[in-house]
Amino acid sequence: MYNFSTCNAMPCRNFLWPMIPQARLEIQKERVVCHTRVQRNVNLEKLQNGYLFPEISMHELQHIRKYPDAKLINLGIGDTTEPIPDIVAVSMAEYAHALSTVEGYRGYGAEQGNKALRKAIAETLYKDVQVKDSEVFVSDGSQCDITRLQLLLGSNVTMAVQDPSFPAYIDTSVIIGQAGDFEEKSGKFGNIEYMNCGPQNNFFPDLAKTRRTDIIFFCSPNNPTGQAATRQQLEELVKFAKENGSIIIFDSAYAVYVTDDSPRSIFEIPGAKEVAIEVSSFSKFAGFTGVRLGWTVVPEELCFSNGFPVINDFNRIVCTCFNGASNISQAGGLACLSSEGFMAVCSVVNYYKENAKILLETLASLGLKVYGGENAPYVWVHFPGSKSWDVFDYILEKTHIITVPGSGFGPGGEEFLRMSTFGHRETILEASKRLKNLFS
Amino acid sequence: MSLTQNISTSISSSSSSFLAYSVFPYRNRDVSLPSKNFGTCRCVAIPQEEKTTYKTNVSRNANMAKLQAGYLFPEIARRRNAHLPKYPDSKVISLGIGDTTEPIPEVITSAMSKRSQALSTLQGYSGYGAEQGEKPLRAAIVSTFYGGLGIDEDDIFVSDGAKCDISRLQVLFGSEATIAVQDPSYPAYVDSSVIMGQTGLYQKDAEKYGNIEYMRCNPENGFFPDLSKVCRADIIFFCSPNNPTGSAATREQLTQLVQFAKDNGSIIVYDSAYAMYISDDKPRSIFEIPGAKEVALETASFSKYAGFTGVRLGWTVVPKELLFLDGFPVAKDFNRIVCTCFNGASNVVQAGGLACLSPEGRNAMQKVVGFYKENADIIMDTFNSLGFNVYGGRNAPYVWVHFPGRSSWDVFSEILEKTHVVTTPGSGFGPGGEGFIRVSAFGHRDNVLEACRRFKQLYK
């Protein structure tokens, strides 16, 4: 096969292959290699590394090889760990079984999702804000929805992101061709507006200093900082979007983790229906990270500059580029929203929230500057003056705990580390113990 | 650009609740009525109320505006739904959308039930899976479908279906790539190309998008394009057995196609979703052709084998040998897309896929496929006996019936109106489909027999 020469000192490598600099392949076998004459998509060339979370996985693998006997604790990738409640699992099992019967068999479903599920989402999760079931599009998860939204919007729109932010917003923007070129010095893509969120501004961007863009990605409760925006802040954001004629893509994947009275949906803000789309997920709500289920709300009022309803185009994308979420996953989703199911999944969420409390208290007791953890399953720890990959390596080496270096979420994440609070209780307690040992 | 045609996209969705938002008026100052397309009725008048609606300042994606109407199959569904209330006592039979109807074999559903149950236990719970798919499933796909063809487990990318894979491939190739499609062809290739911005505007007279190379496939050329007349495109979409014509390409023809791709430095996207329907010795995978690994990738699906149209599972094979112009492996970029724009197929569903590929599962799938093939035989025989020129049906679950000189939407309407059977008009698959009707062979046996009885009545 091929012998790829690895190129530079960057720590991140693609899960399957090491990083290949353009057109530097050394072929070991004596044979003529056929290249097609199809140009590589220049947008993909602009991506700096592999996607963040497979990169973290690679570090995990390397560490396991180095220390095969170490008990590795994963507070890195935000992956749920607790079993799905019986009532939900049984509903999926029963639905699957029914598919083997004449009465229970179902073929293609509506691309927008099962009617009952769309209704349940609208009525259970948006009951006070009047979202219609026809505005709910069921999907196989937020990461896929974000890409479909980018396809919808096209390469000519400009976008703003919080800095730091969930990497899929920027990466999909680059892939679609909106982002411009990467600037080494700043660590930013030229065409993207980065809205810094840090302790100095209470993790809410200074909108007075923010350039107008067509699209504003906003995640609250936030991944990675764990911060939930207040009602006042979101009113400011909606006003900003209205004044600029922008569309907010509001990621509410962690809404169920809100403990105080911070809004759980952008649609709690008056006027939001004319300026915002909301993306959400069953992943962190119901432990569906592997089952795959989410949804996007596109209000009927939301229009492009020529008056064309955004929902019409999104529907077209969903019908053309997608074929609906799995009917089995949707059956599970419906069970999650029944009164018994909802109670059951919320108690798992509470379990993770307890984990967050424990980690938060531990880190605070060590005198570390720690944020988040109260309204989200993430704790955001500040190590002023340090490089986040260095802190990541140090903690991994000394305590065998995987975290995520803040710079993976954008230049605004440098000096920070994200710890996710999913995990079995004993794992979280063990992690706390090891961190206490290291930092006291 | 006719903007009133865009309004029809709000009507042409498969969920009837979508009809509700057709009352949201779309006011555009540049409305121009299209000249009536004979036989089609895609434009629906919507009351243009005077209403102050807030508009954002975000321009609509011009590529979306190029699309002519809704996606084909929601449009078929809409017509079917509109027909039902008109004839409430008629038994409408759907041989339109290629939707499987027979229950999934128990060996497969029980695996999915088991996996679901396991998720509620400590030992059995799993969270995020590898975006490329679960290893045992990838290995089973290789050994079942690609044994001896030099394909490895890590060349396989498990997905939630071919339609989604096609869009992800388009995202991979980007807006600068040019495509060639068979004409007629499965609409997702052209539509996703338009959305990506690879095409020019729609040319009404030709019924084609600028910048797409349409490779005509008809009875005269044995449903294989005359490659000597085909202009080079970066990407060649090729589906065999073919949707909608039902034709399967021979080894010779595919060898020609691979050579053509090689000569032109093109990449073939080979859609093998119906490979299990092949009755004779036609190739089931493009990789049976020597040299194909350097010019082709293959997409496939469990939909029509295991009745997984609602369950959602498929895969794409990207060989390591497939390289861009600069030598960069296509698989590496596809992997990046899969990791960034996707998060893996459902774990419960992948457990079902694994069961499909067990010896018992394969047997069970072959039985179901055999059942649909019998349906196809019955439909073929019916139209043959009525004196029609009929194609396909032997190697695919689609029968392609010729109605020379007639508009396919007219024939579709006539058949629906007079026999209450839903079919698919050939022109929905491209201008090369005009004059043809696609009849799909999925259905309960009694429905298929009844439909054929009605066809005999109408066309005797």
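Note on naming: letters A, B, ... go to the chains in the order of the sequence lines (proteins, then strands), and numbering restarts at 1 for each one.
- Comparing A:Tyr95, A:Phe288, A:Phe322, A:Tyr105 by heavy-atom pairs within less than 4.5 Å of chain B, the highest count is held by A:Tyr105.
- In this structure, chain A has heavy atoms under 4.5 Å from both the backbone and the side chain of B:Ser116.
- For A:Lys284, the part lying near chain B is the side chain, with the backbone staying farther off; criterion is any non-hydrogen pair under 4.5 Å.
- For the set B:Ala261, B:Gly352, B:Ser346, the entry with the most heavy-atom pairs within less than 4.5 Å of chain A is B:Ser346.
- Using a 4.5 Å heavy-atom threshold, the side chains of B:Phe308 and B:Thr100 count as separate.
- With a 4.5 Å cut-off on non-hydrogen atoms, B:Val349 touches chain A through its side chain but not through its backbone.
- Heavy atoms of A:Leu293 lying under 4.5 Å from chain B are absent altogether.
- For B:Ile267, the parts lying near chain A are the backbone and the side chain together; criterion is any non-hydrogen pair under 4.5 Å.
- Considering only heavy-atom pairs separated by less than 4.5 Å from chain B, the leading option among A:Val318, A:Asp214, A:Thr213 is A:Asp214.
- With a threshold of 4.5 angstrom between heavy atoms, B:Glu176 does not approach chain A through any atom at all.
- For A:Asn43, no part lies under 4.5 angstrom from a heavy atom of chain B.
- Within the 4.5 Å cutoff, the side chain of A:Tyr51 has heavy atoms near those of the A:Pro167 side chain.
- Only the side chain of B:Ile97 comes within contact range of chain A, judged by heavy atoms closer than 4.5 Å.
- Judged by a 6.0 Å distance limit and a 45° cone about the ring axis, A:Lys242 is positioned over the six-membered ring of B:Tyr54.
- No part of B:Lys114 comes within reach of chain A, as not one of its non-hydrogen atoms sits under 4.5 angstrom from that chain.
- For the side-chain contact (heavy atoms from CB on, under 4.5 Å) test, residues two or more places apart in sequence or in another chain that qualify with B:Thr178 are B:Asn211, B:Ala233, B:Asp234.
- Using a 4.5 Å cut-off between heavy atoms, B:Tyr125 touches chain A through its side chain atoms alone.
- When A:Gly287, A:Gly141, A:Ser283 are compared by the number of non-hydrogen pairs under 4.5 Å with chain B, A:Gly287 comes out ahead.
- Residues A:Leu153 and A:Ile249 have side chains in contact (heavy-atom distance under 4.5 Å, counting atoms from C-beta outward).
- The part of B:Arg232 that comes within reach of chain A is its side chain, from C-beta onward, which places non-hydrogen atoms under 4.5 angstrom from that chain.
- Judged purely by atom type and a 3.5 angstrom limit, B:Thr56 uses its side chain to pair as donor or acceptor with the backbone of A:Cys303.
- Only the backbone of B:Ala345 has a heavy atom closer than 4.5 Å to any heavy atom of chain A.
- With a threshold of 4.5 angstrom between heavy atoms, B:Thr121 approaches chain A through N, CA, C or O but not through any side-chain atom.
- Taking chain B as the reference chain and counting heavy-atom pairs below 4.5 Å, the highest number among A:Gly154, A:Cys321, A:Ala168 is found for A:Cys321.
- The closest donor-acceptor contact from the side chain of A:Thr172 to the backbone of A:Tyr169 lies under 3.5 Å.
- Interface remark: B:Ile235 contributes side-chain atoms only to the contact with chain A (heavy atom separation under 4.5 Å).
- Looking at B:Lys262 and A:Cys34, their side chains come closer than 4.5 Å, going by heavy atoms from C-beta outward.
- In this structure, the side chains of B:Phe442 and B:Lys304 come closer than 4.5 Å at one or more pairs of heavy atoms.
- Between B:Asp154 and B:Lys320, at least one side-chain N (NZ, or NE/NH1/NH2) sits under 4.0 Å from a carboxylate O, which counts as a salt bridge.
- Between the B:Asp326 side chain and the B:Phe328 main chain, a donor and an acceptor come within less than 3.5 Å of each other.
- Between chain B and the options A:Met92, A:Arg106, A:Glu82, the largest number of non-hydrogen pairs under 4.5 Å is found for A:Glu82.
- With a 4.5 angstrom heavy-atom cutoff, B:Asp160 touches chain A only via side-chain atoms.
- At a threshold of 4.5 Å between non-hydrogen side-chain atoms, the residues A:Glu45 and A:Gln39 do not count as touching.
- Side-chain atoms of B:Ser126 and B:Asn347, non-hydrogen and from C-beta on, do get closer than 4.5 Å to each other.
- Per-residue heavy-atom pair counts under 4.5 Å with chain B were compared for A:Thr81, A:Val310, A:Asp145, and the maximum is reached by A:Thr81.
- In this structure, chain A has no heavy atom under 4.5 Å from any part of B:Lys293.
- With salt bridges taken as basic N to acidic carboxylate O contacts below 4.0 Å, one links B:Asp333 and A:Arg40.
- Residue A:Ala98 does not touch chain B at all, counting heavy-atom pairs closer than 4.5 Å.
- Residue A:Val38 touches chain B through both its backbone and its side chain, counting heavy-atom pairs closer than 4.5 Å.
- Looking at A:Thr101, only its backbone comes within 4.5 Å of chain B, counting heavy atoms on both sides.
- Both the backbone and the side chain of A:Leu151 have a heavy atom closer than 4.5 Å to some heavy atom of chain B.
- The shortest side-chain heavy-atom distance between A:His97 and B:Ser113 falls under the 4.5 Å cut-off.
- Proximity to chain B (any heavy atom under 4.5 Å) is restricted, for A:Thr147, to the side chain, taken from C-beta onward.
- Contact annotation for B:Ser266: only backbone heavy atoms (N, CA, C, O) come within less than 4.5 Å of a heavy atom of chain A.
- Environment of CG in A:Asn156: sparse, with no more than 12 heavy atoms of neighbouring residues, nucleotides or ligands closer than 6.0 Å.
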